[in-house]
Peer 1: 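This is the structure I want to talk about, given as structure tokens.
Every chain is numbered from 1, with letters handed out A, B, ... down the list of sequences. Side-chain atoms are counted along with the backbone in the values below, which use heavy atoms only and exclude waters and symmetry mates. Here the structure is a predicted model, which means the values were calculated and not measured.
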Amino acid sequence: MKHLNRSIQLQVPRDFDFWSTVWSSGWCGLAPFSFDEERRTLSRVHGLTSGKTVEMTMMARRGRVLALEVESREELGKADVEEIEGVVRTCLRLDEDLSSFFEFLEGYPDFAWVREMGAGRSIRSPTVFEDVVKTICSTNCSWALTKAVSGRLCRILGEPYSEDLCTFPTPHRMASTTEEFMRKEVKAGYRSPYIIEFARKLAAGGLDVEAWRTSSLDSASLKREIMRVRGVGDYAADHILKLLGRYDFLALDSWLRRRFSQIHGNGETTSDREIEEYYAPFGRWKGLVLWLDMVKERLINL
DNA sequence: GCGTCCAGGTCTACC
DNA sequence: GGTAGACCTGGACGC
């Protein structure tokens, strides 16, 4: 089938670095995202509201420019292009103002590298729905399993674009499946009823999770609301808050605990209280500072 | 090949 | 409010 290509260029903030944004978390490896480490590109297969499916590939260009190559089987209209640009802006957090964070870090020379690199952002999904489902799928399992379940969700319930590329399923599509199917085919295990219940609430219009992005609630109150989703506990709620751009909580998981003990505890086990105390001086930015501290080695070796 | 452990936790029952 | 035990999957590991 014939594929149509379109090139788009986006202006990015002065303090933004594309590859450190992509590379700072494992989210870039969860379908329908994929990356090419050698070419330093991030791709995503995405279903537009017009019903068209596109594959978008992002890469950095000189200056404050992000290049976007979009492939589609159908001609794209102005509204399609605007939607694609919006998806990219959301995924890369181009509209997240981190200037006050960088000003705050000026008091911490150990973190000067963050501003120098343009680090601080990490990718997320274009919808809160997708981020919540993926977060639930990341709990109490290996990262390999999280990737496998995300892949199966797309492959089995998403819209196919090519032989091996599919979109992330919509809430309606996920809501229409059964717990048994989710267990047997997607192999999401005991998380299956949680995911389906969440999708059904959204599909029925009983829950507007996109509103969380602009919620006027303080983070503690918003966290309580997020935790009303079954399958989302303390860690997952903290992680979702980070994806929403709120960093007042640490989102401690077993990987972070192990990493902290390697970096700051000489390999000795450290308690959550000790980790909390270590990052307490960073106030509302502590969750972001913790994350950057843990992935520093990965980023400065880029 | 087989059994066990555990990983980027959460829920429920019980005290 | 704190804690124990159950819960899916799948890779790593020891035997």
Peer 1: Need one value for Arg191(A): base, sugar-phosphate or nothing, where a base atom within 4.0 Å counts as base even if backbone is also close, heavy atoms only.
Peer 2: base
Peer 1: Does Arg258(A) put a side-chain nitrogen or oxygen below 4.0 Å from OP1 or OP2 of dC6(B)?
Peer 2: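 Checking dC6(B) against Arg258(A), no side-chain N or O comes under 4.0 Å of OP1 or OP2.
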Peer 1: Arg273(A) CZ to dG2(C) C1': how many Å, rounded?
Peer 2: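 Going from CZ in Arg273(A) over to C1' in dG2(C) covers 14 Å.
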Peer 1: Starting from P on dT10(B), measure out to CD1 on Ile195(A) and report it in whole angstrom.
Peer 2: 14 Å
Peer 1: Could you tell me how far dA6(C) sits from dG8(B) if I compare only their P atoms? Round to whole Å.
Peer 2: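 It comes out at 23 Å once rounded to the nearest Å.
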Peer 1: Check every strand shown and say whether Leu256(A) touches a base, only sugar-phosphate, or nothing at a heavy-atom separation below 4.0 Å.
Peer 2: nothing
Peer 1: Which heavy atom in Ala203(A) sits nearest to a heavy atom in His172(A), and how many Å separate them?
Peer 2: O-NE2, 3.4 Å
Peer 1: Nearest whole Å is fine: how far is dT9(C) C1' from Tyr194(A) OH?
Peer 2: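 About 15 Å, once rounded to whole Å.
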Peer 1: Select one nucleotide: of dT12(B), dG8(B), dT9(C), the one nearest the side-chain heavy atoms of Arg230(A).
Peer 2: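 Output: dT12(B).
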Peer 1: Distance check needed: dA12(C) P versus Trp143(A) CH2, whole Å only.
Peer 2: 17 Å
Peer 1: How long is the line joining CZ of Arg257(A) and C1' of dG8(B), in whole Å?
Peer 2: 10 Å
Peer 1: Looking at Asp293(A) and Arg259(A), is there a salt bridge between them, counting it only when a charged N and a carboxylate O are closer than 4.0 Å?
Peer 2: no
Peer 1: I'd like the P distance from dC8(C) over to dA13(B), given in whole Å.
Peer 2: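 Pairwise P distance, dA13(B) against dC8(C), rounds to 15 Å.
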Peer 1: So, Lys242(A) side chain and Leu250(A) main chain: donor-acceptor pair closer than 3.5 Å or not?
Peer 2: yes
Peer 1: Tell me the closest heavy-atom pair linking Met227(A) and Gly233(A), and the distance in Å.
Peer 2: CE-C, 3.6 Å
Peer 1: Would Tyr235(A) count as stacked on dG8(B) if the rule is ring centres under 5.5 Å and plane angle under 30°?
Peer 2: no
Peer 1: Compute the ring centroids of Trp27(A) and His239(A), then answer whether they are less than 6.0 Å apart.
Peer 2: yes
Peer 1: Looking at every strand, decide which applies to Ala236(A) at a 4.0 Å heavy-atom threshold: base, sugar-phosphate, or nothing.
Peer 2: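 The residue Ala236(A) makes sugar-phosphate contact but no base contact.
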Peer 1: Start at the 5' end of DNA chain C and walk down; is the nucleotide closest to Asn140(A) or to Ala144(A) reached first?
Peer 2: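 The residue whose closest nucleotide sits nearer the 5' end is Asn140(A).
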Peer 1: dG5(C) and dC5(B): how far apart are their P atoms, nearest whole angstrom?
Peer 2: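 Pairwise P distance, dG5(C) against dC5(B), rounds to 15 Å.
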Peer 1: Tell which nucleotide pairs with dT12(B), taking only Watson-Crick or G-U wobble pairs whose two distances are both under 3.5 angstrom.
Peer 2: dA4(C)
Peer 1: Take atom CG of Leu145(A) and atom C1' of dC5(B), then tell me their distance rounded to the nearest Å.
Peer 2: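 About 15 Å, once rounded to whole Å.
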Peer 1: Name the nucleic acid region contacted by Arg259(A), choosing base, sugar-phosphate or nothing; use a 4.0 angstrom heavy-atom cut-off, strictly under.
Peer 2: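 Nothing, no heavy atom under 4.0 Å.
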Peer 1: Under 4.0 angstrom, heavy atoms only, what part of the nucleic acid is Val149(A) near: base, sugar-phosphate, or nothing?
Peer 2: nothing
Peer 1: Starting at atom NZ of Lys187(A), determine the distance to atom C1' of dC7(C), rounded to an integer number of angstrom.
Peer 2: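 Computing the Lys187(A):NZ to dC7(C):C1' distance gives 18 Å.
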Peer 1: Would you mind telling me which residue lines up with the more 5' stretch of DNA chain B, His239(A) or Val232(A), judged by nearest nucleotide?
Peer 2: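 Here His239(A) is the residue nearer the 5' end.
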Peer 1: If the test is salt bridge (charged side-chain N to carboxylate O under 4.0 Å, His left out), which one of Asp234(A), Asp248(A), Asp218(A) qualifies with Lys223(A)?
Peer 2: Asp234(A)
Peer 1: Atom CG of Asp253(A) and atom C1' of dA7(B): how far apart are they, to the nearest Å?
Peer 2: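 About 10 Å, once rounded to whole Å.
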Peer 1: Which of the following nucleotides, dT9(C), dC8(C), dG8(B), is nearest to the side chain of Arg183(A)?
Peer 2: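 So the nucleotide nearest the side chain must be dC8(C).
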Peer 1: Tell me what Ser142(A) touches on the nucleic acid: a base, only sugar-phosphate, or nothing, going by heavy atoms under 4.0 Å.
Peer 2: base
